[in-house]
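Below: the structure, in structure tokens.
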Amino acid sequence: MPDKKFTTTSGIEIKEVYCKPSAMNELPGEFPFTRGIQKDMYRGKPWTMRQYAGFSTAEESNKRYHYLLSQGTMGLSVAFDLPTQIGYDSDHELAEGEVGKVGVAIDSLQDIEILFDGIELKNITTSMTINATAPILLAMYIALAKKQGADLKQLSGTVQNDILKEYAARGTYIYPPSASMRLITDVFEYCSKEVPKWNTISISGYHIREAGSTAVQELAFTLANGKAYLKAAQEKGLDINVFGKRLSFFFNCHNNFFEEIAKFRAARRMWAYITKELGATDPGAQKLRFHTQTGGSTLTAQQPMNNIVRVSNQALAAVLGGTQSLHTNGYDEAISLPTEAAAKIALRTQQIIAYESGVTDTVDPLAGSYFIEALTDELEKAAQEYIDKIEAMGGSVKAIEQDYIQQEIAASAYQYQNEIESGEKILVGVNRFTEPDAAAINVFRVDDSIRKKQAEKIAALKKSRDNDKVNETIEQLGSAAKSTQNLMPYILSAVESYATLGEIADILRAVFGEY
């Protein structure tokens, strides 16, 4: 809205951008994008407000999605349960005790149809936090969009699809690294032609930080992984100026307010130079776009209402750091999945920052601060030292195989825990300002009977579907996996025949093996 005038409550006009008058200054929207990837940032439109949701069955999660959309959420963000993440159907023996617990259980296209019932995929953006089985879940989403009659060329969203951080920090991998990298680059290649507006990977520092890394390590290891994905795509013959535009990042935001802001600014600048070094000439391929989630590991089970303040602090840092989308955690998430009340307060936190705080009225409002600029430089320098070490080892895959990244994260996590236990680092309500009798809060519980319901649904599906067609598509996928063909069309065919997620993952296990 170029004609809109921005003012303080006293009527003082706010400029779009502020620079030192006596020197040439880098501007927002210009290489290397330290100050933001858009010229006007939030003056044009606010960041996308996402709420991470998914629990129990597709039916229950669908109700939560409709509620969040009615409350002003701009995009959906899907959490999947652990069996779905590691390629097991809900009726598999290894799924017992985990079905629907940390996300929604998805066993087939039928569940995706229920999950998005009454929601037109062409009208929303969806972020899916899924990695090892990302090609399968993306295929299910595409299959549903086709059934809804959506134009796939306009379909928009993100699939996390970042397996390297799973080996390094989180653990929901299935196949060996080389096979996993093939699946990731197959998604890159397929989407560049068929679903060109889809973000094919969200290179994730979030889980690296949740595992105990420092801000510098989160920055370094995430960008090193990003560099590995760029090189893998180039080896497949993809043009960095095309696929580079569809990469996005996913960062954590913890409590050290200024360090987090500086981290985001440094990340943009470092990525701009990494992509340029690898041949990117299109500014769109040089820009680091990122989603932020407030820090799950910073939430405390003690005095959980204090988490509202922590989340507000972190959300404000993410906005001042220039995030493109944001998820704010519920205050009760150290105890359970978020209740509806906690999810609403988390969303309202974003809306208050966007519409009441005034921090969105100018671009990069902390630019020029001696502290912020120096801290941005220091974070970049320290992160670059890590990246140089990883490159000397042969890149992220080699560094992970040598346990280097894992050991660095573990050492930082150990040091942090020691500081908490010694009292050197203060956690309000945990090791200082504690209360003997904490008031109970309502928590969200997932019914253990969900596994039985999902198993019954799978059994009914297997009776009603065309099993000859399923077997045919599964066999074709297995044969393609033994070749160098792109596997996405074969996965999509299997999904559309109503093969289950476990059946598809198993045929790939048979070819690739397990890690």
Side-chain angles (χ1 to χ4, degrees), residues 15-42 47 203-206 208-209 213-227 248-277 280 283 286-295 313-326 353 359-390 412:
K15 298 176 187 176
E16 182 171 89
V17 66
Y18 289 81
C19 297
K20 292 180 185 175
S22 59
M24 290 293 290
N25 279 274
E26 176 197 319
L27 292 171
E30 294 182 3
F31 186 92
F33 312 108
T34 314
R35 301 193 63 187
I37 62 168
Q38 287 120 5
K39 179 178 176 290
D40 60 351
M41 284 302 288
Y42 307 131
W47 61 92
I203 304 158
S204 176
Y206 186 86
I208 290 169
R209 192 67 176 280
S213 81
T214 64
V216 164
Q217 289 171 336
E218 178 192 1
L219 177 59
F221 299 156
T222 306
L223 295 187
N225 287 349
K227 196 170 182 179
S248 66
F249 286 78
F250 174 24
F251 285 114
N252 211 315
C253 198
H254 275 213
N255 287 326
N256 194 306
F257 189 72
F258 293 110
E259 182 178 46
E260 295 301 312
I261 295 166
K263 178 187 76 180
F264 298 133
R265 299 175 87 250
R268 276 192 295 271
R269 185 161 71 201
M270 293 178 76
W271 187 246
Y273 282 109
I274 287 170
T275 53
K276 186 176 181 180
E277 174 194 326
Q286 297 169 338
K287 293 177 180 180
L288 182 145
R289 294 165 290 273
F290 69 99
H291 169 72
T292 308
Q293 182 175 340
T294 56
N313 176 63
Q314 295 162 10
L316 182 57
V319 170
L320 291 171
T323 193
Q324 274 62 67
S325 67
L326 178 61
I353 292 171
V359 299
T360 62
D361 290 349
T362 189
V363 181
D364 197 19
L366 295 182
S369 154
Y370 296 120
F371 182 40
I372 284 292
E373 298 296 355
L375 200 52
T376 301
D377 292 344
E378 289 292 331
L379 277 157
E380 180 178 4
K381 180 183 174 183
Q384 190 61 51
E385 288 175 3
Y386 267 117
I387 291 172
D388 291 343
K389 285 181 189 175
I390 290 167
S412 294

Could you give the distance from [atom1] ([X]) to [atom2] ([Y]), rounded to the nearest 0.5 Å?
X	Y	atom1	atom2	result
Lys227	Ile274	NZ	CD1	6.0 Å
Ile208	Ile203	CD1	CD1	10.5 Å
Glu259	Ile372	CD	CD1	10.5 Å
Lys287	Trp271	NZ	CH2	15.5 Å

Kindly state each residue pair satisfying salt bridge (Lys or Arg N to Asp or Glu O under 4.0 Å) with at least one member in residues 363-372, sequence neighbours excluded. Arg35-Asp364, Arg265-Asp364
Which heavy atom of [X] sits nearest to which heavy atom of [Y], and what is that distance?
X	Y	result
Val216	Ala383	CG1-N, 3.7 Å
Ala317	Ile261	O-CG1, 3.5 Å
Ser412	Ser213	CB-CA, 4.3 Å
Met41	Val363	CG-CG1, 3.5 Å
Ala318	Cys253	N-SG, 3.9 Å
Ala267	Leu223	O-CD1, 4.3 Å

Flag side-chain contact, heavy atom, 4.5 Å: [X] against [Y]:
X	Y	result
Leu288	Ile37	no
Val359	Tyr42	no
Gln38	Gln324	yes
Met270	Ile387	yes
Thr222	Tyr206	no
Ile353	Leu326	no
Pro28	Glu16	no
Leu27	Lys39	no

Got a donor-acceptor contact below 3.5 angstrom from the [X] side chain to the [Y] backbone?
X	Y	value
Lys276	Pro32	no
Thr275	Ala272	yes
Glu380	Arg269	no
Thr214	Gln217	yes
Thr294	Gln314	no

How about Phe33 and Tyr273: are their ring centres within less than 6.0 Å of each other? no
Does the ring of Tyr386 carry Lys389 above it, NZ/CZ under 6.0 angstrom from centre and within 45° of its axis? yes
Dump the intermediate steps for salt bridge (charged side-chain N to carboxylate O under 4.0 Å, His left out) on Arg209 and Glu260, then the final yes or no. CA-CA 12 Å; Arg209 192 67 176 280; Glu260 295 301 312; 3.0 Å; yes
Does Phe290 have any ring-ring contact (aromatic ring centres under 6.0 Å, His included) partners at least two apart in sequence or in another chain, and if so, which? Phe251, Phe264
Tell me, please, which residues at least two apart from Asp388 pass salt bridge (Lys or Arg N to Asp or Glu O under 4.0 Å). none
